[in-house]
Engineer: 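Dropping the structure in here first, questions after.
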Amino acid sequence: MTSEWVREASSAVRLDPLAVELLAGGAGGALGVAVGQPFDFVKVRLQSQTLYSGPWDCLRKVAKQEGLFGVYRGIMPPVLNSFLL
């Protein structure tokens, strides 16, 4: 029953192939940013602050002070950029 509904809904909506390509590329870029953001966050913190003795110390302190998702602060500009470029 669910697969029939999906087929009917997908046949009712006709998307321009260019729009599909742009959305797929943007989603792939956003996923790439989501995977790479924690690494970039730690790199920037290590380069700009002397509070940390290494990457694991940085991750531990950020998770303790800012929460588990603290490494994703500032992710919106790169995600939007992945859709625009």
Side-chain angles (χ1 to χ4, degrees):
M1 181 167 170
T2 303
S3 61
E4 293 173 15
W5 178 81
V6 170
R7 266 190 237 119
E8 289 175 15
S10 64
S11 66
V13 176
R14 297 286 178 207
L15 292 175
D16 182 30
L18 179 61
V20 171
E21 292 287 329
L22 290 173
L23 286 173
L31 183 62
V33 169
V35 169
Q37 178 70 14
F39 298 105
D40 190 50
F41 180 87
V42 169
K43 177 193 69 145
V44 169
R45 285 282 178 108
L46 289 173
Q47 289 175 341
S48 64
Q49 298 179 11
T50 58
L51 302 171
Y52 310 110
S53 61
W56 293 113
D57 182 50
C58 179
L59 280 173
R60 185 178 54 82
K61 287 181 180 176
V62 167
K64 186 176 182 181
Q65 295 171 358
E66 301 176 26
L68 189 58
F69 293 104
V71 293
Y72 286 103
R73 283 185 38 198
I75 194 171
M76 197 50 87
V79 167
L80 293 176
N81 189 29
S82 71
F83 274 96
L84 296 176
L85 293 179

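Since this is a predicted model, take the numbers as computed values, not measurements. One is the number of the first residue; the rest follow in order along the sequence.
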Engineer: Counting heavy atoms not belonging to E21, are there more than 12 under 6.0 Å from its CD?
Structural biologist: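 Result for CD/E21: open.
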Engineer: Give me the atom names and distance for the closest heavy-atom approach of S82 to A30.
Structural biologist: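 So the minimum-distance heavy-atom pair works out to OG-N, 3.3 Å.
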Engineer: Atom CZ of F83 and atom CG of L23: how far apart are they, to the nearest 0.5 Å?
Structural biologist: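 Atom-to-atom, F83:CZ and L23:CG are 7.0 Å apart.
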Engineer: To the nearest 0.5 Å, what is the distance between CD on Q49 and NZ on K61?
Structural biologist: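 Spacing of CD (Q49) from NZ (K61) equals 10.5 Å.
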Engineer: Tell me whether W56 is reachable from F39 by hopping between hydrophobic residues (I, L, V, M, F, W, Y) whose side-chain heavy atoms are closer than 4.5 Å.
Structural biologist: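 No.
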Engineer: Roughly how far apart are R45 CZ and L59 CG, rounded to 0.5 Å?
Structural biologist: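 Output value for this atom pair is 10.5 Å.
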Engineer: Any chance you could lay out the side-chain contact (heavy atoms from CB on, under 4.5 Å) test for V62 and Y52, step after step, and finish with the verdict?
Structural biologist: CA-CA 10 Å; V62 167; Y52 310 110; 4.1 Å; yes
Engineer: Write down the atom of G74, the atom of P78, and the distance for their closest heavy-atom approach.
Structural biologist: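 So the two residues come closest at O-CD, 3.4 Å.
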Engineer: Please give me the minimum heavy-atom distance between A34 and I75, naming the atom from each residue.
Structural biologist: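 So the two residues come closest at CA-CD1, 4.0 Å.
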Engineer: When hydrophobic residues are tied together by side-chain contacts of less than 4.5 Å, even through go-betweens, does V35 share a cluster with V79?
Structural biologist: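 No; V79 is not reachable from V35 via cluster members.
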Engineer: Would you say L51 ends up clustered with V44 if hydrophobic residues are merged whenever their side chains have heavy atoms under 4.5 Å apart, either directly or through other cluster members?
Structural biologist: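 Different clusters: V44 never reaches L51 through Ile, Leu, Val, Met, Phe, Trp or Tyr contacts under 4.5 Å.
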Engineer: Between Y72 and Q37 (side chain of the first, backbone of the second, donor and acceptor by atom type, cut-off under 3.5 Å), is there such a pair?
Structural biologist: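 Not at all, since once roles are kept as given, no pair shorter than 3.5 Å links the two residues.
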